[in-house]
Number of protein chains: 2
Amino acid sequence: MMRKTSCTIEGMIPVKTIEWRGDLDGAARLIDQTLLPNEVRYLDVRDVETMWEAIRMLRVRGAPAIGIAAAMGMVLAVRDCPPICRDDFVAAVNRAAAYLNSARPTAVNLSWATRRMQALVAAHPELTIEDLKERMLIEAKAMVDEDNAVCQAIGRFGAALIKDGDSWLTHCNAGGLATAQWGTATAPIYLAHAAGKRVHVFADETRPLLQGARLTAWELQQVGVPVTVITDNMAATVMAQGKVQGVIVGTDRMAANGDFANKIGTLGVAILAKEFSVPFYVAAPLSSIDMQLESGDLIPIEERPPEEVSEGFGRRTAPPGVRIYNPAFDVTPHRYITAIITERGIVRPPFRDGLRTLFQHTSTP
Amino acid sequence: MMRKTSCTIEGMIPVKTIEWRGDLDGAARLIDQTLLPNEVRYLDVRDVETMWEAIRMLRVRGAPAIGIAAAMGMVLAVRDCPPICRDDFVAAVNRAAAYLNSARPTAVNLSWATRRMQALVAAHPELTIEDLKERMLIEAKAMVDEDNAVCQAIGRFGAALIKDGDSWLTHCNAGGLATAQWGTATAPIYLAHAAGKRVHVFADETRPLLQGARLTAWELQQVGVPVTVITDNMAATVMAQGKVQGVIVGTDRMAANGDFANKIGTLGVAILAKEFSVPFYVAAPLSSIDMQLESGDLIPIEERPPEEVSEGFGRRTAPPGVRIYNPAFDVTPHRYITAIITERGIVRPPFRDGLRTLFQHTSTP
């Protein structure tokens, strides 16, 4: 019988959301998030149609993870192309890009990743088709490494803010399951935990789609981080009881002044944190910060179908015909933020100056 | 074909949650709230066992409504008693009280109502058994009238605070479905609507048990009050967008200084209302104000089973084995309250003085 302590380090490494297994003949392995938390099933994806379906059906979700899935999908799409005619190969690459982009038309990372693969092929007319396939696989794997590097850097800066014995609250899933492995908002927690700090997490369940209860709670549980699920409307109470020492969330898009969009409910949590003098942190990779955007007022908010609220659990929970408002995101003004945690360091107010300085350093630390 | 306008007044009267139909041979008619909002079914309850089951299974819920149901249950329990031996009759009354109290042991209004019926019988040794039965029915009906009078008085005071075109937000169901008909927090809305003011309501869905989405939205919809359901974590956004002109909630128990317990999530809404300078009102019948209780710190908070959070919708939404915190209520400090609306008038800060003055007037207005 294996002793628990013998696999402590292994157990502290978060679940791999998506990775490439083997060489060019291998497969993209991803965890099917539609089955979580009730069933843990890994899919070995071996053709582009299956990858398209996995993206479409949210088996893989979260901007960075979708980008990686699309890049691997490109590899799957062309790996069996005959090594004869370069024009045919380029046409196949372009068809694969258009096809994968159609899986979730509004996901920016999807087209970003497919364009990156197209650019790679275009940039190397000197390579053989077989070599191009290998380079595409290397590129897809590099995207995993880059994502891990960014998340781990955020994790190192953020972990320093966590004290032994702290409880932190998070909202939605800016976790490993939204990236290759470490997450943005969860990376500081994973690294603090791995460093031996005792840290407990309150996971808001995050209505309507329950990413906090289904995903964040699950992934933290896998590595043994103590986690307590609460409904969104309990956040005020746990803060009032003095049970929360920090809040950390991710962001879908941050403006140059620090205002940021994130999953609906983030604004409320930010206001509560201010009221109870709990530090409020945003984990924001540089790729999510749009320095062209002056303020959060300019961020458009997607409204989603009312059925997510009224029939989100397989049975109707609001009267037929009733009006439902279902904004997917909210915008939190920068005045509620204690600090922004990026892969290049921690930014404190005034945020406009701090973010500008960050982007002026073109090299990574 | 009936024209819609011909039944406008009728349509403005809220749904009757519970009423006695007919004479002593009649029945207690109540709406089965476990089927809402998907099915509207009225139950004609003709025996005490059925009433016990209706209370137990939450077909009727809400403190005032439960009290009335218990009183009517007492009538049902003894109406077929032979009119021979008074001792046997008193014993039957006492058995019925104990039996009904066991339906929901922590519901204060249940034992309050059954004690009131026992006291009535004890106070009238001069009456025949047949006359006692009639008096018990009169008493049960009087409880409906008293509840309506209290709620309507709160409604009149509160309606004056609502301006034409306002949107108000409410949390949980302190509505007609928790009382005989008018509700506490909803009565001002019903009366403003009936007076021709245009008033729209945001109903927080109110996790975990969704009383807002299931019940408040439904009952407002029945009388044509425009209502929009939002998840709890959207309250900040609708306030930030300037869409909310007032918040009104009920209370389970208020202390002498105005601190009050109410459904979990109320505290968060109160803090948001303060942040966005939206007036925050508490509808509080005198029966819910405990002048012996110095402050809200002394109010015990019931924790409920984790399954309400993790399996509230017929399928599991959090990983097996994860810790869940499920407090049923929270306590909102009085500093977040703009005014308390009672059946004797509106109390503004300082609340301790205002509430004391209110209780010194022993007669109703």
Undergrad: Check G321(A) against Q221(B) and note the closest heavy-atom contact, atom names and distance.
TA: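 Looking at all heavy atoms of both residues, the closest pair is C-NE2, 3.6 Å.
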Undergrad: Please flag which part of K274(B) lies under 4.5 Å from any non-hydrogen atom of chain A: side chain, backbone, both or neither.
TA: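 Just its side chain gets close to chain A.
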Undergrad: Please examine the side chains of I271(B) and F276(A), heavy atoms only from C-beta on, and report whether any two atoms are closer than 4.5 Å.
TA: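 Result yes, sub-4.5 Å side-chain heavy-atom pair found.
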Undergrad: Taking the side chain as C-beta and beyond, is there a heavy-atom pair between T228(A) and I324(B) under 4.5 Å?
TA: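 The answer is no; the side chains never approach within 4.5 Å.
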Undergrad: Given heavy-atom pairs under 4.5 angstrom as the criterion, report whether the side chain, backbone, both or neither of R214(A) touches chain B.
TA: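 Contact with chain B is through both the backbone and side chain of R214(A).
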Undergrad: Between V331(B) and chain A, with a heavy-atom cut-off of 4.5 Å, which part of the residue counts as in contact: side chain, backbone, both or neither?
TA: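 For V331(B), neither part sits under 4.5 Å from chain A.
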Undergrad: Would you name the heavy atoms of Y325(A) and Q241(B) that are closest together and state the gap between them?
TA: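 Here Y325(A) and Q241(B) meet closest at OH-NE2, 3.0 Å.
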Undergrad: Looking at L215(A), N233(A), L267(A), V229(A), which has the largest count of heavy-atom pairs under 4.5 Å with chain B?
TA: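 Option with the top pair count is N233(A).
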Undergrad: Considering non-hydrogen atoms only, spot the tightest contact between P319(B) and A213(A) and give its length.
TA: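 Closest approach of P319(B) to A213(A), heavy atoms only: CD-O, 3.0 Å.
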Undergrad: When only pairs under 4.5 Å are counted, which of S310(A), A217(A), P306(A), G265(A) shares the most heavy-atom pairs with chain B?
TA: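 Top count of heavy-atom pairs under 4.5 Å with chain B: G265(A).
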Undergrad: Select one option (side chain, backbone, both, neither) describing which atoms of D232(B) are under 4.5 Å from chain A's heavy atoms.
TA: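 Looking at D232(B), just its side chain touches chain A.
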Undergrad: Heavy-atom distance under 4.5 Å to chain A: side chain of R207(B), backbone, both or neither?
TA: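 Both backbone and side chain of R207(B) come within 4.5 Å of chain A.
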Undergrad: Looking at P320(B) and P37(A), what are the two nearest heavy atoms and their distance?
TA: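 Heavy atoms only, the tightest pair is CD-O, 3.8 Å.
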Undergrad: Between I264(A), T231(A), I301(A), D330(A), who has the most heavy-atom pairs with chain B when the cutoff is under 4.5 Å?
TA: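 Option with the top pair count is I264(A).
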Undergrad: Select, from E205(B), M239(B), K263(B), H171(B), the one with the greatest count of heavy-atom pairs under 4.5 Å involving chain A.
TA: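 Winner by heavy-atom pair count: E205(B).
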Undergrad: Which heavy atom in V227(B) sits nearest to a heavy atom in R323(A), and how many Å separate them?
TA: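 Closest heavy-atom pair between V227(B) and R323(A): O-CB, 3.4 Å.
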Undergrad: For V269(A), is it the side chain, the backbone, both, or neither that has a heavy atom closer than 4.5 Å to a heavy atom of chain B?
TA: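 Neither; nothing under 4.5 Å.
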Undergrad: Counting heavy-atom pairs closer than 4.5 Å to chain B, which one of T317(A), L210(A), T332(A) comes out on top?
TA: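 Top count of heavy-atom pairs under 4.5 Å with chain B: T317(A).
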Undergrad: So does K243(B) have more than 12 non-hydrogen atoms from other groups sitting under 6.0 Å from NZ?
TA: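 Check passes, neighbour count above 12.
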Undergrad: For N38(B), is it the side chain, the backbone, both or neither that has a heavy atom under 4.5 Å from a heavy atom of chain A?
TA: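 Side chain only.
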Undergrad: Name the region of A240(A), side chain, backbone, both or neither, that has any atom closer than 4.5 Å to a heavy atom of chain B.
TA: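 For A240(A), side-chain heavy atoms alone lie under 4.5 Å from chain B.
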